[in-house]
Amino acid sequence: MVENFEKINIKLANINAFQFPKIDRFILSVNSQDVNFEFLIKIKESANKLLIMGSGAYDPNRMNPPVFQRHAWIDDFEETVIIYNDPTLYLDKITIGWGQGTIERHYLREQSQILDILIKKLNFHNEEVYFYGSSAGGFMSLMLAGFIKGSKAIVNNPQTVVMNFWPAPIRDMLNACYPSLSKEEVEERFLYRINVVEFYKKVGYVPPIYYLQNISAKRDIEKQFTPFIESLKSVSDELFSNMLNLSLYANEEQGHKPMNKKETIEIIRRIISN
């Protein structure tokens, strides 16, 4: 399906002059200093909300980036939809990048800057924007909603502390993104890139969050959910002015996997429609 989408390549320097094509779905590749930021876009002319989705882990032995997970869902939504690829995946044969980029460049921050331009060009206000993702896509959604103030994050079993994830994907990401630094040096220099609450402290803002957590995913509870909730105690009242909506459910069979398509779409629809 993705292969049938028209692909449009532009330079970041030309993005303000870019005119959206007269087609309802396409892939936009924005080149910024030799890095391609890619977006699968479905425009719904009558939409008054924008849903932006990110991807979790993928198998680099079975496919190559760009990765647009859930692209088959785009027609299940009445909203305009953008699915973004994480260009960190191009750095090496890694399964997850968490938007890290390189020592010199934080790709997720650059992603947010491009998305901010696209949001305005599509005539949406930030308050009409919803970020959705699970696992690593949930981590990036929590971060992007912090970058784009006024937007909302809908996350399912997300990572909130990257270094608490499984050792092998972390090792591979560190080797690809920070090859000259030890794990301890990355945590010291770039904690705001790998820890959601530390990022919120750095930007001075906590976005509205809808957090869906499977309590049967024991490792998620121990390594991601509980540290996130506990560390919120260190956030000042002035920063924590938005609602954190927690929805806990139990499904031992699903574990860390997100809710199924039907459940996820129903919840996203319910949240978006208030």
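The residues of the chain are indexed from 1 along the displayed sequence. All heavy atoms count here, side chains included; hydrogens, waters and symmetry mates do not. Since the structure is predicted, the reported quantities are computational estimates derived from the model, not experimental observations.
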### Message
What verdict does the side chain to side chain contact (heavy atoms under 4.5 Å, CB included) test give for Glu6 and Ile23, after you've listed the backbone C-alpha separation in whole Å, the side-chain angles of each residue and the deciding distance to 0.1 Å?
### Response
CA-CA 9 Å; Glu6 180 178 335; Ile23 52 177; 3.4 Å; yes
Kindly list each side-chain donor-acceptor pair under 3.5 angstrom involving residues 136-151, sequence neighbours excluded, with atom names and distances?
unit_1, atom_1, unit_2, atom_2, d
Ser141, OG, Tyr132, O, 3.2
Ser141, OG, Gly133, N, 3.4
Ser141, OG, Gly137, O, 2.9
Ser151, OG, Ile148, O, 2.7

### Query
Side-chain donor-acceptor pair under 3.5 Å between Thr160 and Lys223, yes or no?
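The criterion, which ignores hydrogens and geometry beyond distance, is not satisfied for Lys223 and Thr160.
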### Query
Is it the case that Asn16 and Lys121 place a side-chain donor and acceptor less than 3.5 Å from each other?
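No, no side-chain donor-acceptor pair sits under 3.5 Å.
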#### Entry: Exam field: side chain Asp86 to backbone Gly99, donor-acceptor pair closer than 3.5 Å
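Yes, Asp86 side chain to Gly99 backbone: donor-acceptor pair under 3.5 Å.
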### Message
Donor-acceptor pair, distance only, cut-off 3.5 Å: does the side chain of Thr226 make one with the backbone of Ile221?
### Response
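Yes, because the side chain of Thr226 sits within donor-acceptor range (under 3.5 Å) of the backbone of Ile221.
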With rounding to the nearest 0.5 angstrom, report the [atom1] to [atom2] distance, [X] to [Y].
| X | Y | atom1 | atom2 | value |
| --- | --- | --- | --- | --- |
| Leu51 | Ile74 | CG | CD1 | 11.0 Å |
| Glu185 | Lys183 | CD | NZ | 13.5 Å |
| Asn156 | Glu263 | CG | CD | 9.0 Å |
| Phe39 | Ile114 | CZ | CD1 | 4.5 Å |
| Trp98 | Thr88 | CH2 | OG1 | 10.5 Å |
| Met259 | Asn214 | CE | CG | 7.5 Å |

Output side-chain donor-acceptor pairs under 3.5 Å for residues 166-177, partner residues at least two apart or in another chain, one line each.
unit_1, atom_1, unit_2, atom_2, d
Asn175, ND2, Arg171, O, 3.3

### Query
Taking it one step at a time, do Gln224 and Val161 satisfy side chain to side chain contact (heavy atoms under 4.5 Å, CB included)?
CA-CA 6 Å; Gln224 306 295 341; Val161 183; 4.0 Å; yes
### Message
Considering only residues two or more places apart or on different chains, which pairs with a residue in residues 186-195 satisfy side-chain hydrogen bond (donor to acceptor under 3.5 Å, both in side chains)?
### Response
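Output for this query lists Tyr178-Arg193.
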### Task
With sequence neighbours excluded, give me every side-chain hydrogen bond (donor to acceptor under 3.5 Å, both in side chains) pair touching residues 32-43.
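Applying side-chain hydrogen bond (donor to acceptor under 3.5 Å, both in side chains) to every pair that reaches into residues 32-43, excluding sequence neighbours, yields Lys7-Glu38, Asn31-Asn36, Glu38-Asn85, Glu38-Tyr90.
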Does [X] share a hydrophobic cluster with [Y], counting links as ILVMFWY side-chain heavy atoms below 4.5 Å and allowing steps through other members?
| X | Y | answer |
| --- | --- | --- |
| Ile10 | Ile82 | yes |
| Tyr84 | Leu89 | no |
| Leu181 | Ile94 | no |
| Val67 | Leu28 | no |
| Ile103 | Leu191 | yes |

Contacts of type ring-ring contact (aromatic ring centres under 6.0 Å, His included), residue [X], not counting sequence neighbours:
| X | answer |
| --- | --- |
| Phe26 | none |
| Tyr58 | none |
| Tyr249 | none |
| Phe37 | Tyr107 |

### Task
On the 0 to 90° scale, with breaks at 30° and 60°, tag the Phe165-His256 ring pair as parallel, tilted or perpendicular.
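Geometry flag for His256 against Phe165: tilted rings.
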#### Entry: Within 6.0 Å of NZ in Lys202, more than 12 heavy atoms from elsewhere
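Not more than 12 within 6.0 Å, no.
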### Message
So, using salt bridge (charged side-chain N to carboxylate O under 4.0 Å, His left out) as the criterion, who are the partners of Glu110 when residues are at least two apart?
### Response
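Glu110: salt bridge (charged side-chain N to carboxylate O under 4.0 Å, His left out) contacts with Arg105.
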### Query
For Glu266, which residues count as a salt bridge (charged side-chain N to carboxylate O under 4.0 Å, His left out) partner, sequence neighbours excluded?
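For Glu266 the salt bridge (charged side-chain N to carboxylate O under 4.0 Å, His left out) partners, ignoring immediate neighbours, are Lys262.
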### Query
Any salt bridge between Lys44 and Glu79, counting N to O under 4.0 Å?
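The answer is no: the pair does not qualify as a salt bridge.
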Taking every non-hydrogen atom, the tightest pair across [X] and [Y]:
| X | Y | answer |
| --- | --- | --- |
| Gln254 | Asn260 | NE2-N, 3.6 Å |
| Tyr130 | Glu128 | CD1-O, 3.8 Å |
| Leu40 | Phe68 | N-CE2, 3.6 Å |
| Pro227 | Glu222 | CD-O, 3.3 Å |
| Ala250 | Ile215 | CB-CG1, 3.9 Å |
| Pro87 | Val35 | CB-CG1, 3.8 Å |

### Query
After noting the C-alpha distance and the side-chain angles of Leu122 and Phe20, does the key distance pass the side chain to side chain contact (heavy atoms under 4.5 Å, CB included) rule?
CA-CA 9 Å; Leu122 287 166; Phe20 287 102; 3.7 Å; yes
### Message
Exactly one of Arg70, Gln159, Lys257 should register a side chain to side chain donor-acceptor pair (under 3.5 Å) with Ser134. Which one does?
### Response
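Of all the options given, the one that passes is Arg70.
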Kindly indicate whether the side chain of [X], heavy atoms from C-beta on, has any atom under 4.5 Å from the side chain of [Y].
| X | Y | answer |
| --- | --- | --- |
| Ile117 | Ile119 | no |
| Phe5 | Ile41 | no |
| Tyr200 | Val235 | no |
| Asn126 | Asp116 | yes |
| Leu115 | Phe131 | yes |

### Test side chain to side chain donor-acceptor pair (under 3.5 Å) applied to Lys261 - qualifying residues, sequence neighbours left out
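Side chain to side chain donor-acceptor pair (under 3.5 Å) check on Lys261 returns Asp76.
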### Task
Please list, chain by chain and in numerical order, all residues satisfying side chain to side chain donor-acceptor pair (under 3.5 Å) with Ser180, sequence neighbours excluded.
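Scan of Ser180 (side chain to side chain donor-acceptor pair (under 3.5 Å), adjacent residues dropped) gives none.
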#### Entry: Phe77: which of Asp75, Thr80, Val81 passes side-chain contact (heavy atoms from CB on, under 4.5 Å)
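The residue from Asp75, Thr80, Val81 that satisfies side-chain contact (heavy atoms from CB on, under 4.5 Å) with Phe77 turns out to be Val81.
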### Task
List the steps, then state whether side chain to side chain donor-acceptor pair (under 3.5 Å) holds for Ser234 with Lys201.
CA-CA 9 Å; Ser234 64; Lys201 291 178 185 178; 2.8 Å; yes
### Task
Would you check, one step at a time, whether the test side chain to side chain contact (heavy atoms under 4.5 Å, CB included) holds for Ile229 with Leu246?
CA-CA 10 Å; Ile229 298 301; Leu246 297 176; 4.2 Å; yes
### Query
Would the Tyr211 and Phe225 ring centres measure less than 6.0 Å apart?
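Close enough - the centres of the two rings lie under 6.0 Å apart.
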